Amino acid sequence: MTTDNEKQLKKMKVRMPPSPTGYMHIGTVRMALFNYLYASQHDGQIVMRMEDTDRERSKKEFADDIIDGLRWLGLGWDEGPYYQSQRGEIYKRYLQRLLDENKAYWCFCSQDELEAQKQYQMSRGEAPIYSGKCFEMPRAQAEELIRQGRKAVVRFRGSKKKIAFNDIVRGRIEFDCSLTGDFVIAKDLDNALYNFTVVVDDCEMGITHVIRGEDHISNTPKQILVQEALGIEMPVYAHLPIVMGADRSKLSKRHGAVAITEYRRQGYLAEALINFTAFLGWNPGTEKEIYSMEELLRDFSLDKVQKGGAVFNPVRLDYLNGLYIRQKTPAQLAELCLPYFIEAGLVSKEGQDYKNRQTAEIIEPGFLEKIVAYQQPRLKKLSEIVDLSGYFFTGQLDYDKDLLKWKDATLKEIADALDELINLFSKIETGDWGRQKLEEIVMSRIAGFNLAQGKPEKDRGYLLWPLRVALCGQKMSIGPFEMADVLGREKTLKRLMAAKDLASGTSSAETLFDN
RNA sequence: GGCCCCAUCGUCUAACGGUUAGGACGUCGCCCCUUCAAGGCGAAAACGCGGGUUCGAUUCCCGCUGGGGCCA
């Protein structure tokens, strides 16, 4: 036993104990994040431990997904990962010890027998408790039966006392252990169960603080009982509120797209996920809601953690992600978006160069940067860049000529407007080509036009709308001058001429674009 | 069924006995405006119910109701 003094000197140590029975979801992230923040703030150590004792449901694929995901989020650890599936010998040793000390015993009762008993107890409104029947069996007899190959589970000899523990989030929590009875801690010597392995591991790994989901509150008294039987010191507990789906039940696979890997694939940023997750059950008590990891490390505290469960609201995550996307520099954003362009088959990497796969042209430096910079305020997630920007990569636009019409303009007027634009743009040298220059020229032309004609009611849409459609072939896009800037002088003029032909009815497939 | 936990706008939440119950997302309206965004301004929107305690309860206590979790 350590004294209080030693306890204080003992370094804080927490654990991240995910169960690899599914891809990592937001609840796992929150558990890891709060442990990470708390340990980091207190100069503590973090142990990563895969709780994969459930051989049926645990998969390596899931364990790898969780490890990979946590690293991506920046939630590292100092020790591990340990795998409970590889620690059977350790559990066996402790199991044997409890058996030897008569604190646990073999139970030979059949499933049917137990089930009948439980039904009977429940029908009388009593708590379903094991009778303790097999505890009466002499040890030697039990061992003999085991040697004969009889199937038996290991039961922990419970207690009838009351147990209380102090929870950092919830305060004092009490349980009456007479309602727990003798519970099963192992299916056999090689297969210890959750409430046993946790206690053994936490002890072996020197865990001082257990920060986990509130779904474990009910397990805590059993674990405390096992600790006492093993002479282990009780760690400090903090039970976090649960993360729920829209239906207010514990978040799980059946809530649809909850896998973090999937969010990552769609282009959610780690910092958005972290910020979002931190505020699921915690807040600083101020009105500041945008938090970087550094700021979280500064301001986070467990005693400001909410007690009630929180519903996971993906719409808010979208907002935060958009916000973080808008904070990126064009260069950063271009790098983040590049994989999506490549995956969509718009861009390919050949040697040192990136190529436009639609037109086989080399992509000039700055091309992607310009696109993403202009699209930046429209992005909620990175993957959206593809659908928003496809028209920059194509060699030929395909749209209906009526799309060129602004309000009640005729095709003739549109053709004239396009002609006007071609004239204006042709005069600009390639070296002067740029968003600002183009805008200046067109806008002053519009102003002059309106002044000269004395009819300001002819709004700028008559010029700008056909310009937009000519350049992208659709009604939603970034600004027309921005598009022209991205496309450059040559392609802009080509698209304008193609549109003019289309509007004036002289178009043919061949005249649209050369390439 | 037993035990445990929880309870403020639709959602995340602030409030630590006295506030016009605050903020954010979302929704709606307006502005900007060549589209879609972004941005700016504004609006609607909450203390689950019933008892106490108190001069005064969203806030403290009890009960109910509701939700969730753990046991198999």
Side-chain angles (χ1 to χ4, degrees), chain A residues 111 114-130 163 165 167 169-171 173-181 183-184 194-195 213-222 239-251 275-290 303-323 325-326 374-380 384 387-388 403 406-407 417 439 442-443 446 459-469 471-472 474-483:
Chain A
Q111 284 295 330
L114 295 171
E115 188 56 31
Q117 192 177 77
K118 186 184 311 148
Q119 288 307 326
Y120 173 72
Q121 287 172 325
M122 276 168 62
S123 72
R124 298 183 33 151
E126 294 168 4
I129 301 170
Y130 177 64
I163 284 238
F165 64 96
D167 190 288
V169 176
R170 284 149 215 281
I173 300 176
E174 263 185 70
F175 282 90
D176 183 352
C177 290
S178 63
L179 298 167
T180 305
F183 53 96
V184 181
Y194 174 73
N195 282 316
E214 99 180 284
D215 40 341
H216 288 291
I217 290 182
S218 304
N219 290 324
T220 308
K222 290 180 187 171
H239 286 95
L240 309 171
I242 214 155
V243 180
M244 303 181 293
D247 64 353
R248 303 207 136 263
S249 70
K250 188 162 88 164
L251 198 67
N275 193 154
F276 175 78
T277 307
F279 275 72
L280 229 44
W282 173 84
N283 77 85
T286 67
E287 290 188 351
K288 179 175 168 61
E289 293 189 323
I290 304 307
D303 45 53
K304 280 197 153 312
V305 168
Q306 199 75 12
K307 293 194 187 77
V311 173
F312 169 58
N313 177 203
V315 180
R316 188 181 164 80
L317 175 58
D318 278 354
Y319 160 76
L320 279 173
N321 203 52
L323 194 107
I325 285 176
R326 272 174 259 134
Y374 289 139
Q375 296 289 16
Q376 197 163 22
R378 269 157 277 254
L379 295 176
K380 290 257 187 283
E384 290 168 345
D387 284 345
L388 289 174
L403 197 58
W406 174 246
K407 293 186 177 168
E439 186 163 0
V442 173
M443 288 310 186
I446 288 171
D459 67 69
R460 36 180 73 169
Y462 279 88
L463 218 44
L464 297 176
W465 183 257
L467 174 58
R468 169 189 314 286
V469 175
L471 297 186
C472 69
Q474 55 192 49
K475 42 185 170 179
M476 281 192 289
S477 72
I478 58 173
F481 303 113
E482 296 170 347
M483 280 190 283

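Since this is a predicted model, take the numbers as computed values, not measurements.
Taking only side-chain nitrogens and oxygens, A/Asn283 comes nearer than 4.0 Å to OP1 or OP2 of B/rA14. Applying the 4.0 Å criterion to OP1 and OP2 of B/rG10, one finds that A/Arg316 has every side-chain N and O outside that range. Taking only side-chain nitrogens and oxygens, A/Arg326 never comes nearer than 4.0 Å to OP1 or OP2 of B/rA37. Checking the phosphate oxygens (OP1, OP2) of B/rU13, no side-chain nitrogen or oxygen of A/Lys304 falls inside 4.0 Å. OP1 or OP2 of B/rA37 has not a single side-chain nitrogen or oxygen of A/Lys380 nearer than 4.0 Å. For A/Gln306 and B/rA14, the shortest distance from a side-chain N or O to OP1 or OP2 is below 4.0 Å.
Comparing B/rG2 with B/rA43, their C1' atoms are spaced 49 Å from each other, to the whole Å. B/rC28 and B/rA45 have their C1' atoms separated by 11 Å, with the value rounded to a whole Å. Comparing the P positions of B/rA24 and B/rA57 gives an interatomic distance of 31 Å, to the nearest angstrom. One C1' atom belongs to B/rA46, the other to B/rU53, and the distance between them is 26 Å to the nearest Å. Here, B/rU58 and B/rG48 have their C1' atoms 12 Å apart, quoted to the whole Å. Rounded to the nearest Å, the gap between the P atom of B/rC60 and that of B/rU8 is 13 Å.
Taking atom CG of A/Leu317 as the reference point, atom C1' of B/rG26 lies 14 Å away to the nearest angstrom. Spacing between atom OH of A/Tyr319 and atom C1' of B/rA38 amounts to 11 Å, rounded to whole angstrom units. If you measure from atom CG of A/Asn313 to atom P of B/rC12, you get 8 Å, rounded to the nearest angstrom. To the nearest angstrom, P of B/rC16 lies 16 Å from CG of A/Asp303. Rounded to whole Å, the distance from NE2 on A/His239 to C1' on B/rC3 is 15 Å.
In this structure, of B/rU11, B/rG22, B/rC70, it is B/rC70 that holds the atom nearest to the side chain of A/Asn219. Distances from the side chain of A/Arg248 to the nucleotides B/rG2, B/rC71, B/rU11 place B/rU11 closest. The nucleotide whose nearest atom lies closest to any side-chain atom of A/Ile217 is, among B/rC5, B/rG22, B/rU11, B/rC5. The side chain of A/Met476 has B/rU35 as its nearest neighbour among B/rU35, B/rC70, B/rU11. When distances run from any side-chain atom of A/Arg378 to the nucleotides B/rA37, B/rG69, B/rC12, the shortest one goes to B/rA37. You'll find that the side chain of A/Ala310 is closest to B/rU13, out of B/rU35, B/rU13, B/rC70.
Nucleotide B/rC28 forms a Watson-Crick or G-U wobble pair with B/rG42, both donor-acceptor distances falling under 3.5 Å. Base-pair partner of B/rU8: not found among the strands shown (Watson-Crick or G-U wobble, both distances under 3.5 Å). Across all strands shown, B/rU53 forms no Watson-Crick or G-U wobble pair with both distances under 3.5 Å. Pairing partner, B/rG1: B/rC71, with both Watson-Crick or wobble hydrogen-bond distances short of 3.5 Å. Across all strands shown, B/rC33 has no partner, as no Watson-Crick or G-U wobble contact with both distances under 3.5 Å is found. Across all strands shown, B/rU20 remains unpaired; no Watson-Crick or G-U wobble contact has both distances below 3.5 Å.
With hydrogens and angles ignored, the 3.5 Å screen pairs no side-chain donor or acceptor of A/Gln306 with any backbone N or O of A/Leu280. Judged purely by atom type and a 3.5 angstrom limit, A/Lys288 uses its side chain to pair as donor or acceptor with the backbone of A/Ile290. A/Asn195 places no side-chain N or O within donor-acceptor distance of the main-chain N or O of A/Pro221, the cut-off being under 3.5 Å. Between the side chain of A/Asp167 and the backbone N or O of A/His239 there is at least one donor-acceptor pair closer than 3.5 Å. Looking only at distances, a side-chain donor or acceptor of A/Glu214 sits under 3.5 Å from a matching main-chain atom of A/Ile242.
In this structure, A/Arg170 and A/Pro241 have side chains that are in contact, with non-hydrogen atoms separated by less than 4.5 Å.
A donor-acceptor contact under 3.5 Å is not formed by the side chain of A/Ser249 with the base of B/rG68. You won't find any donor-acceptor pair under 3.5 Å spanning the side chain of A/Arg170 and the base of B/rC5, going by distance alone. With hydrogens and angles ignored, a donor-acceptor pair under 3.5 angstrom links the side chain of A/Glu289 to the base of B/rG23.
Here A/Lys307 lies in heavy-atom contact (under 4.0 Å) with sugar-phosphate atoms only. Among the atoms of the strands shown, only primed sugar atoms or phosphate atoms (P, OP1, OP2) are found under 4.0 Å from some heavy atom of A/Gly281. Contact annotation for A/Phe175: backbone-only contact, meaning every heavy-atom pair under 4.0 Å involves sugar-phosphate atoms and none involves a base. Using a 4.0 Å heavy-atom distance criterion, A/Gln376 is classed as making no nucleic acid contact.
Under the 30°/60° scheme for interplanar angles, the aromatic rings of A/Phe165 and A/Phe175 are found to lie parallel.
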Test log, rule ring pair (Phe, Tyr, Trp, His ring centres under 6.0 Å), inputs A/Trp282 and A/Phe279: CA-CA 5 Å; A/Trp282 173 84; A/Phe279 275 72; 5.4 Å; yes
